[in-house]
Every structure is written in C-alpha cells, then in structure tokens.
Amino acid sequence: MSIINPHTKEINCKIVFYGPALAGKTTSLKALQKLVKSSKKTVQKEITTENRTLFFDFLALSSLETVGGYRVKFQIYTVPGQVLYEDSRKLLLSGVDGIIFVADSRLEHIEESLSSYEELKLNLRKLDYNPEDIPTVIQYNKRDASTAANLDELNKILNKDKWPHVESTASQGEGVIDAFERLAHEVVLSLKQAA
Ligand SMILES: Nc1nc2c(ncn2[C@@H]2O[C@H](COP(=O)(O)OP(=O)(O)OP(=O)(O)O)[C@@H](O)[C@H]2O)c(=O)[nH]1
Ligand SMILES: [Mg+2]
C-alpha cells in the first residue's frame, strides 16, 4: 500500500524482489544500486546484506516521476529465498505495491522457481491481497547459464498469469534496469488510475 506524505509531497511505494534461494535477488538489487547511481538519478542507499540474505536487503530510489504533483519514491526490499525463512517472506510482502519475481532460468532449478511463485501467491492471499491486483514482472535471471531454458518453455511453466517478463544476467548487470523500469511503470500507472 503506497504511503502518501502531504508535507514532503511524496508517494512512497514498496517494491519486493521475491523468488527462490540463490536466484539472484540480492545481486539484482546491488546491480540496480550501482547502475542507477552511475546514471545520476537520486539514490539513497542502504544495503544490509550477508552472502545469503537472512532477513532482507533494502534500497531506496527516488524517481523523476510525479503523480498529481507528488514525487514517487520506491522502497525496495529483497526477501530471503531459503525455504526456512517463509515467515520473513510473508512479513516483507505486507504493504507491497509491486513485485519483481526473480526466477532461476536453469532447467534443473525450475521446480524451485515454480514452488516459490506458488508460495508468493499463497502469501499474498494470506495477507488479503488478490495476486492479480499487485503489479508483477517476472525476471528470468541467469540467462548466461549453459542450462538456461528457452523463454517459451519458462513462460509456459512459470508465467501462466502472463505477467510482463524480462531476461537478465544480474551478475553482469544486464536486464536489471529493464525489469525495474517495467515494474515502476506499472506501479505508477496503477497509482494514476487510483488517483
Ligand atoms: N551465472 C550467474 N550467476 C548469478 C547471476 N545472478 C546471480 N548469480 C550468482 O548466484 C548466486 C546467488 O545470488 P544472490 O543474489 O545472493 O541470490 P539471492 O536470490 O539473493 O539468494 P538468497 O538471499 O539466498 O535468497 C551468487 O553467487 C551470484 O553471484 C546470473 O545472472 N548469472
Ligand atoms: Mg539474497
């Protein structure tokens, strides 16, 4: 749920990177931080991370977009993908305005991506959201891997809900900005529709 601050004329939106363990969520957030900074957009940075995410990583970005004279800001979180942290994942979805689902493109990891996606929908429902109402982009990561499945196959298995999808190799910074901009566009659109 976006938070509107009439004093600072800002709308704060919450974006969550969700997906299975080791799919590349933290790598994507770090790449986003680096790339946005180098293209001179406003960034407040604060990433708290271990090699494996234990609770969340966080990045705040200020967009140049305005809605009704209010500047749009994004509070971006990654969930910990390891199976045992399900409670944290659910907690982090509270108040979400948009989701980047980071899937592992490698064929041998497709089951993990699928069960993480099903868990995402279940957790959204538990929080009384209709998953269809939350703008989502599917980011197919690890496109550089030799066992990466082709996009048609991935979409057939993982994207039955037909969300926009983007290919990425987060470890090389490729596709990460695309995925974020795609989602930011959808989130701003839904804010404008609600305004
Ligand atoms: N080959 C390749 N490796 C990647 C890519 N993206 C991330 N990795 C590697 O995959 C591993 C896991 O990446 P993380 O970003 O920590 O994964 P995560 O989804 O945050 O994992 P959790 O925090 O456990 O949920 C690291 O060794 C990354 O360097 C990619 O596009 N290609
Ligand atoms: Mg992580």
Side-chain angles (χ1 to χ4, degrees), residues 14-38 43-61 74-94 96 98-124 126-127 134 136-155 157-159 163-183:
K14 182 174 181 180
I15 306 292
V16 175
F17 278 82
Y18 204 99
L22 301 177
K25 301 175 293 298
T26 299
T27 308
S28 297
L29 194 72
K30 283 182 171 173
L32 196 60
Q33 181 187 25
K34 206 166 134 206
L35 294 166
V36 171
K37 216 160 73 173
S38 62
V43 188
Q44 299 163 17
K45 59 173 163 66
E46 187 190 324
I47 288 189
T48 51
T49 187
E50 304 287 330
N51 274 344
R52 306 296 304 268
T53 304
L54 298 180
F55 187 41
F56 63 81
D57 309 305
F58 175 75
L59 171 68
L61 293 184
F74 298 100
Q75 317 283 322
I76 313 167
Y77 295 81
T78 74
V79 302
Q82 292 180 79
V83 174
L84 75 158
Y85 296 128
E86 189 185 348
D87 287 349
S88 303
R89 285 193 288 280
K90 189 176 140 211
L91 195 67
L92 285 160
L93 284 173
S94 174
V96 71
I99 294 164
I100 297 182
F101 181 82
V102 181
D104 191 324
S105 293
R106 292 174 298 172
L107 267 178
E108 64 275 26
H109 289 277
I110 221 154
E111 284 300 326
E112 284 144 74
S113 292
L114 188 57
S115 51
S116 174
Y117 185 69
E118 293 303 328
E119 182 202 79
L120 164 66
K121 293 213 289 187
L122 193 69
N123 279 336
L124 287 171
K126 282 186 192 162
L127 292 166
I134 311 289
T136 299
V137 165
I138 312 285
Q139 182 185 324
Y140 292 123
N141 194 37
K142 305 203 179 184
R143 296 306 298 160
D144 59 323
S146 58
T147 52
N150 75 46
L151 276 192
D152 285 348
E153 199 169 354
L154 287 168
N155 270 325
I157 299 169
L158 294 174
N159 195 11
W163 292 113
H165 64 269
V166 170
E167 294 178 72
S168 73
T169 300
S171 50
Q172 290 163 31
E174 283 167 19
V176 171
I177 291 265
D178 273 5
F180 181 74
E181 285 186 345
R182 193 76 197 261
L183 182 69

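These values consider heavy atoms only, across backbone and side chains, with no hydrogens, waters or symmetry-generated copies. Atoms within each ligand, like the ligands themselves, are counted from 1 in listed order.
- Looking from atom 21 (O) of ligand 1 to the surrounding protein, the closest heavy atom is Leu22 N, 3.0 Å.
- With Phe74 as reference, Phe180 is the one residue of Phe58, Phe17, Phe180 to meet the ring pair (Phe, Tyr, Trp, His ring centres under 6.0 Å) rule.
- In the vicinity of Thr169, heavy-atom distances shorter than 4.0 Å reach the ligand 1 atoms 31 (O).
- Polar contact check, Ser168 against ligand 1: no nitrogen or oxygen pair lies under 3.5 Å apart.
- Looking only at heavy atoms of the protein, atom 32 (N) of ligand 1 is closest to Asp144 OD1, 2.8 Å.
- For the pair Thr26 and Lys30, the minimum side-chain heavy-atom distance is below 4.5 Å.
- Among protein heavy atoms, the minimum distance from atom 16 (O) of ligand 1 is reached at Asn51 O, 3.7 Å.
- Contacts between Pro80 and ligand 1 below 4.0 angstrom, taking non-hydrogen atoms only, involve the backbone exclusively.
- Aromatic ring pairs are classed by plane angle as parallel below 30°, tilted from 30° to 60° and perpendicular above 60°; the pair Phe101 and Tyr117 is perpendicular.
- None of Asn155, Asp104, Thr169 except one satisfies the side chain to side chain donor-acceptor pair (under 3.5 Å) rule with Tyr140; the exception is Asn155.
- If you check the side chains of Ser168 and Gln139, you find a donor sitting under 3.5 Å from an acceptor.
- The shell of residues lying under 4.0 angstrom from ligand 1, judged by heavy atoms, excludes Thr78.
- Contacts of Thr26 with ligand 1, taken as heavy-atom pairs under 4.0 Å, involve both backbone and side chain.
- No side-chain heavy atom of Ile99 sits under 4.5 Å from any side-chain heavy atom of Ile15.
- A distance of 9.0 Å separates CG in Leu154 from CD in Glu167, rounded to the nearest 0.5 Å.
- Protein heavy atom nearest atom 5 (C) of ligand 1, with residue, atom name and distance: Ser171 OG, 3.4 Å.
- The protein atom (non-hydrogen) at minimum distance from atom 6 (N) of ligand 1 is Asn141 ND2, 3.1 Å.
- Here the protein heavy atom with the shortest distance to atom 9 (C) of ligand 1 is Lys142 NZ, 4.1 Å.
- The single protein non-hydrogen atom nearest to atom 29 (O) of ligand 1 is Thr27 OG1, 4.2 Å, given as residue, atom name and distance.
- Ring pair Tyr85/Phe55: centre-to-centre distance not below 6.0 Å.
- Atoms of ligand 1 found under 4.0 Å from any heavy atom of Gly81, numbered from 1 in the order shown, are 22 (P), 25 (O).
- Atoms of ligand 1 found under 4.0 Å from any heavy atom of Ala21 (numbered from 1 in listed order, with element): 25 (O).
- To the nearest 0.5 angstrom, Ile100 atom CD1 is 10.5 Å from Ile138 atom CD1.
- Annotation: atom 17 (O) of ligand 1 to nearest protein heavy atom, Gly24 N, 3.3 Å.
- Residue Thr26: an N/O/S atom is found under 2.8 Å from the Mg ion (ligand 2).
- Taking the ring centre of Tyr77 as origin, the terminal cationic atom of Lys14 falls inside the region bounded by 6.0 Å and 45° from the ring axis.
- With distances taken over non-hydrogen atoms, the option nearest atom 31 (O) of ligand 1 out of Ser146, Ser28, Ala145, Ala170 is Ala170.
- Heavy atoms of Gly19 stay at 4.0 angstrom or farther from ligand 1.
- For the pairing with Ser105, the side chain to side chain donor-acceptor pair (under 3.5 Å) check across Glu153, Lys142, Arg143 returns one residue only, Arg143.
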